[in-house]
Amino acid sequence: MTLVEDPDSLFLRSAQNALRSTDGDEALRALGWRDLLGSLEEDPDARLGVLAYFQAQGRELGSSGALGELMAHPYAGLFGEDRAVTATVGRRSARRGNRAIVVGTPGSNGILIDRPGHGISLVSLDTLELRPIGFSDGLALHEIESDLTDLPISLGEAQAVALRERSVQLGRLAIAYEILGAAETALAGAVQHARDRTQFGQPIGHFQAVRHLLASARVDAAAIEALAHLSAGQYPALPPMRDAILKALAGRNGRRICERSLQVLGAMGFTAEHEHHRSHSRVLVLDALLGTSSSLAHHIAVTLRESAGVVPDLNLSVAALRAN
Amino acid sequence: MSMSSLGPPAPAEDAAHADITSFAAAFEAWLLSRPAGVVGASFPQPTTGARMETMRRLMSDLFAEGWGRWGWPEAFGGLGGTILHRAVMWEGLARHGVGGMAAFEHLEVLGPTLLAMGPPEFCAQAFPGFLDGTETWAQGFSEPDAGSDLAALRTRATLDGDVYRISGRKIWTSWARFARWSLVLARTDTVESRHRGVTAFIVDLRSPGVEIRSIAQANGHDELAEVTFDDVVVPGDRLIGSLNGGWAVAMHILSSERGTFAWFRQCFLLQHLQRMLQWGTPEADGLLGDAVLDLASVGALSIDALRVHEHGATLGPRAAFTKLVLCAAEQGLFNWALASDADVIIDPVDERGLDLRAAYLFSRIVTVYGGSQQMQLDTVAKQILQLPA
Ligand SMILES: Cc1cc2nc3c(=O)[nH]c(=O)nc-3n(C[C@H](O)[C@H](O)[C@H](O)COP(=O)(O)OP(=O)(O)OC[C@H]3O[C@@H](n4cnc5c(N)ncnc54)[C@H](O)[C@@H]3O)c2cc1C
């Protein structure tokens with residue numbers, strides 16, 4: 001399955017193995033993922049493990065509540081530790097404005113609902129009305145239908161701002177990894193198909209046009225991977241807008257990888273029976289959470305332009321070199 | 001130009017600068033004192049020759065102060081340290097307005113290979129002249145009939161007693177007109193032996209029989225040149241790598257040219273971005289956003305490349321990733337620049353406009369040099385995806 005010629009990290013491989021034999025939430029327990037989450041800030045290896053899970057979830061098209069738990073992590077301890085807390089994941093709907101999404105199978109845990117401008121509310125999930133959404137990729141998603149305007153505020157906006165930034169950074173990092181994983185699976189399928197499918201008396205992988213489609217896709221994956229690893233290493237000291245840049249890159253490149261893979265698969269790739277559409281939809285669904293690639297790229301451009309003269313240190317280069 | 005009157009920053013030779021953090025801080029302090037050489041190199045220059053002269057002056061200052069010696073072994077005129085020192089130095093220069101490296105690009109393209117595979121005594125003598133800007137180098141690979149198919153090269157080297165005699169024609173040799181030395185790939189076996197019969201020589205471009213004709217480019221510059229060799233005598237020990245081992249030398253160079261070099265180039269792309277932001281228009285925001293994603297990608301990929309080279313390894317086929325993403329970033333950046341300020345093509349008005357036009361036009365050809373986009377994609381398909389040929 002893997003296309004990365006570098007050996008994958010041990011954790012990534014174990015996570016993939018776990019996801020092949022059990023569901024996501026069980027895999028998280030088996031992997032000791034929550035312990036790693038506990039030392040996310042201070043231990044770079046733990047951080048890489050926490051994030052590698054998402055790459056594995058993308059590759060295996062698994063489903064879990066990991067994203068919400070990760071995004072709740074910056075708020076840990078603020079509300080008492082007596083129950084598991086997860087966070088909703090934001091999305092902007094053109095028709096209905098900001099939406100709060102529960103990722104993974106909803107349980108009875110407490111859920112943090114972030115309402116920028118107002119603060120954070122902690123409520124019991126079972127008090128809310130949920131509506132299943134999503135698309136053919138196996139990831140359980142529910143949108144909160146209840147009216148959120150009168151929710152009691154558990155953490156005021158002043159305190160929420162800095163923590164929210166962390167939460168969103170982590171969420172975008174994780175989604176980038178999951179998009180990478182799903183796109184890798186789509187590409188692996190297409191590469192295999194290019195070896196197997198014969199036309200004009202030879203495997204289509206002999207044709208340069210086909211080879212170049214696949215190679216371009218591989219380059220797009222390498223770019224996501226490099227920026228994701230760099231960012232995971234640098235967190236929490238990310239350069240300005242890095243989370244937005246990474247998420248936008250993952251969304252843009254992830255979609256391109258899937259499109260090129262689909263082209264190589266031919267009509268077969270457009271069927272419900274073929275598994276391509278599952279990874280492709282996973283990428284599309286993830287691109288819609290925490291800012292689409294086009295909205296983020298637009299935001300990045302406007303911010304840069306309006307700060308003309310002082311370009312934020314995009315790569316925070318020297319520091320990046322010094323890190324590890 | 002001297003820092004002596006300013007006191008505080010540690011002098012460049014300070015051994016503490018083996019530590020990259022200490023080096024970066026001290027170099028930044030020096031840059032903040034606005035040294036004349038740095039200021040001089042931050043204005044667009046009207047001609048290729050003027051560009052080269054300002055860069056020679058800057059390199060001479062950097063060498064005299066010591067900054068330009070960090071990252072190179074002591075035996076070759078350096079002060080020790082790693083490629084990270086060079087990465088930090090050029091990044092700082094770019095951030096403080098220097099617009100490009102001119103012929104000193106070859107410090108990063110050819111330099112590491114010269115020192116790793118070249119004759120040590122010769123390099124110990126010649127390399128300091130490269131570092132201080134007096135005697136630069138060129139890369140003689142391409143020929144009229146050997147572009148992408150480099151292994152088809154025909155320039156021939158024949159052993160005659162204890163010297164080689166080289167005859168043939170190289171083309172597109174960047175910066176040859178200003179260079180003292182050229183690395184020349186020449187055939188030392190039959191043409192049919194292809195890449196197995198090629199040797200890398202060091203040729204003194206002042207030798208009798210060398211003729212250099214500059215090529216006027218479509219962007220108004222003329223750093224490219226055609227170099228002919230007519231029975232040029234080269235001492236028998238001026239080989240890089242072994243006899244018929246030139247292909248390995250070329251691959252080593254290309255790992256830098258396609259890999260780590262991207263770090264150095266993206267520093268200048270970010271500098272261009274900074275200069276051009278004030279001209280950005282809302283209509284072009286989509287292009288700007290895209291360019292930023294590719295710039296960030298090339299930054300991340302090339303940091304990996306630097307780390308690999310820092311540990312004495314090379315990237316191998318993975319350098320194609322860096323090269324391809326660098327091309328996308330450079331073209332994307334200038335797509336945005338042109339969309340924001342279409343005047344630069346039809347009415348550039350001033351030096352800034354002319355400089356931007358030249359850079360825009362250059363960005364259209366970056367997918368050709370150093371191995372074309374198609375060749376890089378071929379490499380990824382064959383060596384990384386391992387699709388059967
Ligand atoms: C700005 C610049 C600086 C340069 N500096 C140097 C230098 O310092 N030293 C040096 O030695 N050379 C230099 N070069 C030359 C460069 O290395 C060559 O241009 C390059 O190798 C391509 O060769 P070519 O131009 O002959 O194009 P060709 O090889 O003739 O290619 C023409 C087109 O055909 C495509 N093509 C060729 N073969 C295939 C194939 N098998 N499959 C698919 N497509 C193919 C190519 O991708 C390209 O698009 C420079 C070039 C440029 C533009």
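Here is how names work: the chains are called A, B, and so on, in the same order as the sequence lines, proteins then strands, and each is numbered from 1. Source: prediction; values computed, not measured.
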Honestly, the part of B:T281 sitting under 4.5 Å from a heavy atom of chain A is backbone
Specify which of B:L288, B:V380, B:L387 makes the most heavy-atom pairs with chain A at under 4.5 Å.
B:L387
Whatever's closer than 4.5 Å to a heavy atom in chain A on B:Q386 counts as both
Given heavy-atom pairs under 4.5 angstrom as the criterion, report whether the side chain, backbone, both or neither of B:D304 touches chain A.
side chain
Is chain B contacted by the side chain of A:Q208, its backbone, both, or neither, given a heavy-atom distance below 4.5 Å?
side chain
Of A:R172, A:E225, A:H229, which is the lone residue that meets side-chain hydrogen bond (donor to acceptor under 3.5 Å, both in side chains) with A:Y177?
A:H229
Tell me, side chain or backbone of B:Q374 under 4.5 Å from chain A's heavy atoms, or both, or neither?
both
Ranking B:L324, B:T322, B:L301, B:V325 by heavy-atom pairs under 4.5 Å to chain A gives rank one to B:L301
For B:P317 versus B:T379, what's the shortest heavy-atom pair and its separation?
CB-CG2, 3.9 Å
Chain B interface, residue from A:H206, A:R252, A:H299 that has the most non-hydrogen pairs under 4.5 Å:
A:R252
Which one wins on heavy-atom pair count under 4.5 Å against chain B: A:A248, A:A226, A:S231?
A:A226
Top residue by heavy-atom pair count (under 4.5 Å) with chain B, among A:H298, A:Q202, A:R195?
A:R195
Is it true that a side-chain atom of A:K247 and a backbone atom of A:D287 form a donor plus acceptor pair closer than 3.5 Å?
yes
Does NZ or CZ of B:K323 fall inside the cone over B:Y369's six-membered ring, less than 6.0 Å from its centre and within 45° of the axis?
yes
Against chain B, label A:R211 side chain, backbone, both or neither, depending on which of its atoms sit under 4.5 Å from a heavy atom there.
both
Could you check A:H212 against A:F207 for side chain to side chain contact (heavy atoms under 4.5 Å, CB included), going step by step and ending with a plain yes or no?
CA-CA 9 Å; A:H212 285 190; A:F207 303 122; over 6 Å; no
Just checking B:H272 against B:F334, ring centres under 6.0 Å apart?
yes
Could you report the tightest heavy-atom contact between B:L295 and B:L273, atom names first, then the distance?
CD1-CD2, 4.2 Å
Below 30° counts as parallel, above 60° as perpendicular, anything between as tilted: where do the rings of B:W67 and B:W30 land?
tilted
